[in-house]
Asker: 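Mind having a look at this structure? Questions to follow.
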Amino acid sequence: MLATTAAARSLLRSTSRLSSATTTTAAVRTFASIEPYSDYGKSVFTGRVADEYLKKHGSSGDILKDPSWTQSHSDTVAAAVLDWAVDRGANTYCHWFQPMAASGVRHGQTGQVQNMMMAFNRTTNDIEFDFDGKNLTKGETDGSSYPNGGLRATHTAGGYLAIDTSSPIFLRGDTIFIPSAFVSYYGAALDEKTPLLRSNAALSKQGKRLLKHLGLDIGDQDVISNIGLEQEFFLVPRDQYYRRPDLQMAGRTIIGKDAPRGQEMCDHYMAPPSLASPALACMQEIQDECWRLGIPLKTRHREVAPNQYEFAPLFGLNTTQVDQNLMVMQIIEEVAVRHGLAALMQEKPFNDVNGSGKHNNWSIGTEDGIMLLHPAKVNKATGNDAAFAVIMSAIIAAVNEHGDLMRMAIASPGNDFRLGACEAPPAIVSTYLGEDITFYLSHFKDGKGEGEYIPKLKTLDLGTHEVLPFEVPAEDRNRTSPFPYGGARFEFRAVGSSQNVSMVNTVLNTIVAEKFAEFADRVDAGEDIHDIARETLNEHWRVIFNGNNYDEEMQQELTDRGIWRIDSGVEAIATITSEKNVNLFQKMKVLTKEECESRKDILHDHYTGTVDMEAKCLVDMLNQHIIPSVKAAGVGPLSDLEAAVGTLKAAIAEIHAAEDSYKAAQLARVLRLETMIDIRAVCDSAEEVVPANLWTLATYKELMFLDSHTASTPETEPFFDE
């Protein structure tokens, strides 16, 4: 956990002292010590931390494994949490929840009301601790002041919070955060989390039924969904960030001429971090904060575009991983400030270089670790050589039938500019399996064999003495597929970087649960499960595509096959209320018709609101920066720029007058992807000719090259002890 250069020096000194102490007491080789990392997870009430404090109250961490503790042991847990919090310097608590349509606008993408764990004795005027089981497990807030799509109103505003026992309580600063579900007075989901929890229940119920038919009865265990989220983002100089109203207000550059250098030389991807810029120290401190919260942010590296970076944690239970990812994004933004940087989480902050994604690695398994997408493990556990083929056939069918919902789940405003731009998969939902698995499943569906699938390996021999021959998977990696199989998991690559991925995983769980249920129902009716899988593969084979998804001819081929293709995010959002999809969510008990309709309106309003902010920013930038610069310089397309202001204002007014959320979003998309792009070209042509000393907005050259546009401050103390 090397937070900063100062922390690095401190760690080196502490390990040096530890090493010296060890070598003076025993003439043995010094082993690596984990002691410098002993703070890992101390700010999370789970595992050894929870066990230690619960034992002081006559219990143990085992009670947290059963959600019924909220009814039978809530006061005990609250007392233990209070002791832990006070020992860690905290005196405040909040129920921490996830309002809808928060990406790009709400800091941290969460809601909370922070209350002190104190009471004030009016008789003695003393302060007393006040935190019991009721405080811990339930809360209440105003449900009408968050995006709710008509599920709440000012005169029916009740919003209720209940602890989510699947995700641990954590502590940051003086506050403990209690992950919670957020619902209306009638139980309607007002948040991102509640549908995900319901989809987990559906996946577990139907997954257990299918496994039992395959030969494995897991009893009281659940089938669970694990995910791993790769978080991409940009870091830019904060002083230049303050010179861009569009970055400040909308998270992306609405105008801006390309710098002479971009990513043409592929020189940024996985290049060594430069000590000449604050980026490395910033990332180290981010990791340090995350580790204290028990977030195993293991991987860091540069990404493809200049100033673009990535963090990746170890995988875990989906609800916990979503919660942790929200904290990771918040911590990235907050720590960046301390290093003179601004973090950009939006999907496409800069034109003509790669945008940012959040690859959602999705897998399913049993609580005791049987991975259902790992052929050897699931086949062995079930005693069925075709178990993997059956499970894969269900998932393939789910993708083919419900590709529209998968597209809906990634329809964030920023993904408008990213999907299909040779940096992210196109908006055509196919799946890549690789030739090896495809060959196996082809033989299985055609009745040419039912043997076990054994992944192949191949040996690479470089012809050198120094590098010996080594094995690699038989399958290559296909970065152009929106949903490739990657060995024991599928990777949903099209997810946007700023998204809360709850809806993404709600959809994946629900569509697969439905197929598991369909298979189990048919077996219950007397059909053979292998025959069902073969029939399913034959019916849905078209969705498998192992080629280049960036190739326009291949895209046309996929379109001609009838695979789901929805280029417009606005139209993709609308599919959540189709009859097929409402029936799916209702059947799986994940969303009601009213909850589907509310989400359609909320997501359309979020899209429109984002475009509205961008257009108003562009008006201000034209009036306050670009037009004055052109006038001062006496060069540039002045009349076109002045006309653009009127065009934008008229388009904004038309959107505000739209009859409903859907129509407003459709108009906003035209404004954003047609009108504003044309106006951008005019603005960029002005930047090209106006002298630099008269151009008042930060340029791409000033924003995107930390290595060459920042200088490190000389250290006042040596890095190593003398």
Side-chain angles (χ1 to χ4, degrees), residues 202-219 221-226 362-402 430-456 475 483-490 508-544 584 588:
L203 181 67
S204 180
K205 177 181 179 180
Q206 305 305 333
K208 290 169 70 171
R209 291 180 65 206
L210 181 64
L211 283 178
K212 195 167 185 179
H213 286 307
L214 289 170
L216 177 63
D217 186 345
I218 62 172
Q221 286 190 69
D222 282 326
V223 170
I224 60 173
S225 170
N226 288 313
W362 177 85
S363 65
I364 48 179
T366 63
E367 287 184 283
D368 62 355
I370 299 170
M371 301 165 70
L372 304 191
L373 299 181
H374 189 292
K377 291 184 178 180
V378 71
N379 289 349
K380 180 180 179 181
T382 58
N384 186 332
D385 285 348
F388 176 70
V390 171
I391 292 168
M392 289 292 282
S393 68
I395 294 172
I396 289 165
V399 173
N400 187 45
E401 281 191 20
H402 299 297
S430 63
T431 184
Y432 165 86
L433 302 182
E435 299 301 331
D436 201 25
I437 294 180
T438 303
F439 178 82
Y440 166 76
L441 290 177
S442 176
H443 274 58
F444 174 80
K445 76 179 178 68
D446 294 336
K448 297 178 181 178
E450 266 196 21
E452 180 180 6
Y453 169 68
I454 301 175
K456 296 178 182 176
E475 298 296 348
F483 198 61
Y485 176 76
R489 75 189 194 284
F490 280 90
L508 293 178
N509 288 355
T510 304
I511 64 177
V512 171
E514 183 204 33
K515 283 299 160 191
F516 285 176
E518 181 183 307
F519 279 29
D521 288 345
R522 291 176 65 179
V523 174
D524 289 343
E527 293 187 58
D528 179 78
I529 196 165
H530 296 172
D531 291 340
I532 298 168
R534 289 191 189 92
E535 178 187 320
T536 300
L537 285 171
N538 276 297
E539 183 179 351
H540 299 283
W541 193 255
R542 66 181 181 179
V543 81
I544 300 169
L584 164 73
M588 292 293 103

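Quick caveat: nothing in here was measured; it's all calculated off a predicted structure.
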Asker: Give me the atom names and distance for the closest heavy-atom approach of Ser204 to Val223.
Answerer: OG-N, 3.1 Å

Asker: Under 3.5 Å, side chain of Gln221 to main-chain N/O of Asp368, donor-acceptor pair present?
Answerer: yes

Asker: Rounded to the nearest 0.5 Å, what separates atom CG in Leu210 from atom NZ in Lys515?
Answerer: 12.5 Å

Asker: Please report the shortest heavy-atom distance between Phe490 and Met392, naming the atom on each side.
Answerer: CZ-CE, 3.7 Å

Asker: Partners of Glu535 by side-chain hydrogen bond (donor to acceptor under 3.5 Å, both in side chains), sequence neighbours excluded?
Answerer: Arg522

Asker: Nearest 0.5 angstrom please: His374 NE2 to Phe388 CZ, how far?
Answerer: 9.5 Å

Asker: Test side chain to side chain contact (heavy atoms under 4.5 Å, CB included) on Leu203 and Ile224; report intermediate values, then the result.
Answerer: CA-CA 7 Å; Leu203 181 67; Ile224 60 173; over 6 Å; no

Asker: Test side chain to side chain contact (heavy atoms under 4.5 Å, CB included) on Val378 and Leu216 and set out the steps.
Answerer: CA-CA 9 Å; Val378 71; Leu216 177 63; over 6 Å; no

Asker: Could you please spell out the steps behind the side chain to side chain contact (heavy atoms under 4.5 Å, CB included) verdict for Ile437 and Tyr485?
Answerer: CA-CA 9 Å; Ile437 294 180; Tyr485 176 76; 3.2 Å; yes

Asker: Please report the shortest heavy-atom distance between Ala398 and Ile511, naming the atom on each side.
Answerer: CB-O, 3.5 Å

Asker: Could you check if a side-chain atom of Leu441 sits within less than 4.5 angstrom of a side-chain atom of Trp541, using non-hydrogen atoms only?
Answerer: yes

Asker: Thinking salt bridges, do Asp222 and Lys205 make one under a 4.0 Å N-O criterion?
Answerer: no

Asker: Tell me the closest heavy-atom pair linking Asp436 and Lys456, and the distance in Å.
Answerer: OD2-N, 3.3 Å

Asker: Nearest 0.5 Å, what's the OG1-CD1 distance between Thr536 and Ile396?
Answerer: 9.5 Å

Asker: Are a donor atom and an acceptor atom from the side chains of Asn226 and Trp362 found within less than 3.5 Å of each other?
Answerer: no

Asker: Output all residues satisfying ring pair (Phe, Tyr, Trp, His ring centres under 6.0 Å) with His443, sequence neighbours left out; order by chain, then residue number.
Answerer: Phe439

Asker: Side-chain contact, heavy-atom cut-off 4.5 Å: His402 with Leu584?
Answerer: yes

Asker: Kindly give the heavy-atom pair with the smallest separation between Ala397 and His540, and that separation in Å.
Answerer: CB-CD2, 3.4 Å

Asker: Under 4.0 Å between a Lys/Arg side-chain N and an Asp/Glu carboxylate O for Arg209 and Asp524?
Answerer: yes

Asker: For the atom pair CG (Leu211) and OG1 (Thr366), what is the distance rounded to the nearest 0.5 Å?
Answerer: 8.0 Å

Asker: So which of Val390, Thr382, Val523 actually passes side chain to side chain contact (heavy atoms under 4.5 Å, CB included) with His213?
Answerer: Val523

Asker: Which atom pair, heavy atoms only, marks the closest approach of Phe444 to Ala386?
Answerer: CE1-CB, 3.9 Å

Asker: For the atom pair CD1 (Ile364) and CD1 (Ile391), what is the distance rounded to the nearest 0.5 Å?
Answerer: 6.0 Å

Asker: Where the side chain of Asp528 meets the backbone of His530, is there a donor-acceptor pair that is under 3.5 Å apart?
Answerer: yes

Asker: Quick one about Asp385 and Tyr453 (side-chain donor to acceptor, distance below 3.5 Å, no hydrogens or angles considered), yes or no?
Answerer: no

Asker: Is there a side-chain contact between Phe483 and Leu508, using heavy atoms and a 4.5 Å cut-off?
Answerer: yes

Asker: May I ask you to test the Pro455-Pro375 pair for a side-chain heavy-atom distance under 4.5 Å?
Answerer: yes

Asker: Would you sort out whether Glu401 and Glu514 count as a side chain to side chain contact (heavy atoms under 4.5 Å, CB included), showing the intermediate values?
Answerer: CA-CA 11 Å; Glu401 281 191 20; Glu514 183 204 33; 4.3 Å; yes

Asker: Roughly how far, to the nearest 0.5 Å, is the CZ atom of Arg534 from the NZ atom of Lys445?
Answerer: 11.5 Å

